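Below: one structure, written as structure tokens.
The structure presented is a predicted model; accordingly, all values stated were derived computationally and were not measured.
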Amino acid sequence: MMNKFAYILLIVGLSSCTGEEDLPVKKPINNAIGEITGIETLFDSDAFVDPKHVALLKELKICSEFQKDTSDYMKPACSPRFFKLFPMRDDAPVENAFLLQIKSKVGGIKLRRLVTFVREKGELIKINAFVANLIGTRKSTTHYPDLILRFNDNIDGDVIFYNCIFTWNGKSYKFLSAETIEGHDSQGPWRQRIKAELKDSVSNDIYKSLVKNEMIL
């Protein structure tokens with residue numbers, strides 16, 4: 001029987017290069033207008049770009065304002081060494097809607113997480129949670145950009161990355177599609193875009209895997 005890793009290589013028509021529940025009955029509307037902004041978060045700064053970010057972290061009570069040791073991942077300081085905030089809307093201040101990227105190992109979770117928050121009736125409400133890395137945004141016709149998230153998977157000992165797009169449906173971010181699959185082999189890193197004619201079926205398989213592995217919460 002063909003293992004899952006071999007199946008992925010077959011369906012995407014993988015070629016090496018040099019250079020990481022079922023789908024809803026009605027898929028979210030694709031609001032994209034094309035402009036993509038790449039994002040790389042290194043967690044290598046000692047100061048937030050906006051002082052509001054510290055106040056928001058304290059409001060969420062997910063870090064200690066008294067902790068100074070940035071090597072303590074179980075009791076994290078309110079530091080950009082552990083957390084990165086991004087505005088979520090282009091028409092609202094960050095304190096009313098934001099994306100929170102959390103570094104791997106914080107709180108004992110091995111992988112990065114991305115959580116979305118909006119303020120309702122004065123209180124911050126969690127809308128989405130992903131065990132994923134935010135690698136980009138894509139401009140949309142709404143005030144909420146599409147999110148490009150990178151998910152990890154381990155298939156037969158091989159680490160695979162799925163780059164997926166999530167779009168705002170009016171209440172929360174919903175899975176739209178998987179776009180590319182990445183990994184490493186004996187020839188080095190590879191990256192392959194999923195063929196258009198296979199995108200729906202491959203996206204469905206990847207989505208089910210992400211839900212089953214609790215990468216989308």
* Asked: Between Cys63 and Phe82, does a side chain to side chain contact (heavy atoms under 4.5 Å, CB included) hold up when you go through it step by step?
  -> CA-CA 9 Å; Cys63 57; Phe82 295 124; over 6 Å; no

* To do: Decide yes or no on side chain to side chain contact (heavy atoms under 4.5 Å, CB included) for Thr167 and Ser140, but give the supporting numbers first.
  => CA-CA 9 Å; Thr167 189; Ser140 79; 5.6 Å; no

* To do: Give the C-alpha distance, both sets of side-chain angles, the deciding distance and a yes or no for side chain to side chain contact (heavy atoms under 4.5 Å, CB included) between Leu134 and Thr41.
  => CA-CA 8 Å; Leu134 177 67; Thr41 302; over 6 Å; no

* ring pair (Phe, Tyr, Trp, His ring centres under 6.0 Å) between Phe130 and Phe166, worked out -> CA-CA 11 Å; Phe130 308 100; Phe166 288 75; 4.8 Å; yes

* Give the C-alpha distance, both sets of side-chain angles, the deciding distance and a yes or no for side chain to side chain contact (heavy atoms under 4.5 Å, CB included) between Met74 and Asp72. => CA-CA 6 Å; Met74 299 307 295; Asp72 189 338; 3.8 Å; yes

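Taking 4.5 Å as the limit, every side-chain heavy atom of His184 sits out of range of all side-chain heavy atoms of Val159. Using a 4.5 Å heavy-atom cutoff, the side chains of Lys103 and Tyr73 are in contact. A heavy-atom distance below 4.5 Å is not found between the side chains of Asn213 and Phe151. Contact check for Ile62 versus Leu100: side-chain heavy atoms found under the 4.5 Å cut-off. Taking the side chain as every heavy atom from C-beta outward, Lys171 and Asn169 approach each other to under 4.5 Å. Residues Lys139 and Pro145 fail the side-chain proximity criterion, which asks for heavy atoms closer than 4.5 Å. By the 4.5 Å heavy-atom criterion applied to side chains, His143 and Asp90 are counted as neighbours. Using a 4.5 Å heavy-atom threshold, the side chains of Lys126 and Leu217 count as separate.
Under a hydrophobic clustering in which Ile, Leu, Val, Met, Phe, Trp and Tyr are joined whenever their side-chain heavy atoms come within less than 4.5 Å, directly or via other members, Tyr207 and Val202 fall into the same cluster. Taking hydrophobic clusters as Ile, Leu, Val, Met, Phe, Trp and Tyr residues chained together by side-chain heavy-atom distances below 4.5 Å, Phe117 does not share a cluster with Ile109. Taking hydrophobic clusters as Ile, Leu, Val, Met, Phe, Trp and Tyr residues chained together by side-chain heavy-atom distances below 4.5 Å, Leu149 does not share a cluster with Ile102. When the side chains of ILVMFWY residues are joined at heavy-atom separations under 4.5 Å, either directly or via intervening members, Val94 and Phe86 end up in two distinct hydrophobic clusters. In terms of hydrophobic clustering, with Ile, Leu, Val, Met, Phe, Trp and Tyr side chains grouped at heavy-atom distances under 4.5 Å, Leu85 and Ile39 are assigned to different clusters.
In this structure, OG1 on Thr141 lies 14.0 Å from CH2 on Trp168, to the nearest 0.5 angstrom. Separating the CZ atom in Arg138 from the CG atom in Leu176 is a distance of 6.5 Å, to the nearest 0.5 Å. Rounding to the nearest 0.5 angstrom, the gap separating the CD atom in Glu182 from the CZ atom in Arg193 is 10.5 Å. How far CG of Asp200 is from CG of Asp205: 11.0 Å, rounded to the nearest 0.5 Å. Here the straight-line distance linking atom CZ of Arg112 with atom CD1 of Ile135 works out to 11.0 Å at 0.5 Å rounding. Considering CE of Met88 and CG of Asp91, their distance stands at 10.5 Å, rounded to 0.5 Å.
Between Ala178 and Ser203, the shortest heavy-atom contact is N-OG, 2.9 Å. The heavy-atom pair separating Phe98 from Leu60 by the smallest distance is CZ-CD1, 3.9 Å. Pairing each heavy atom of Thr116 with each of Leu99, the nearest pair is CG2-CD2, 3.5 Å. Between Pro80 and Phe43, the shortest heavy-atom contact is O-CD2, 3.4 Å. Of all non-hydrogen atoms in Phe48 and Cys78, the two that sit nearest each other are CE1-O, 3.6 Å. Asp46 and Arg81 get closest at one heavy-atom pair: OD1-NE, 2.9 Å.
One N or O on the side chain of Gln101 and one on the backbone of Ala132 form a donor-acceptor pair closer than 3.5 Å. At distances below 3.5 Å, not a single donor-acceptor pair connects side-chain atoms of Arg89 with backbone N or O atoms of Asn96. Side chain of Gln67 to main chain of Lys75: a donor-acceptor pair is present (N/O by atom type, distance under 3.5 Å, no hydrogens or angles).
At a threshold of 4.0 Å, the pair Arg119-Glu59 counts as salt-bridged, since one of the basic side-chain nitrogens sits closer than that to a carboxylate oxygen.
The environment of CD in Glu214 is sparse: at most 12 heavy-atom neighbours from other residues, nucleotides or ligands sit within 6.0 Å.
If you check the side chains of Ser177 and Glu179, you find a donor sitting under 3.5 Å from an acceptor.
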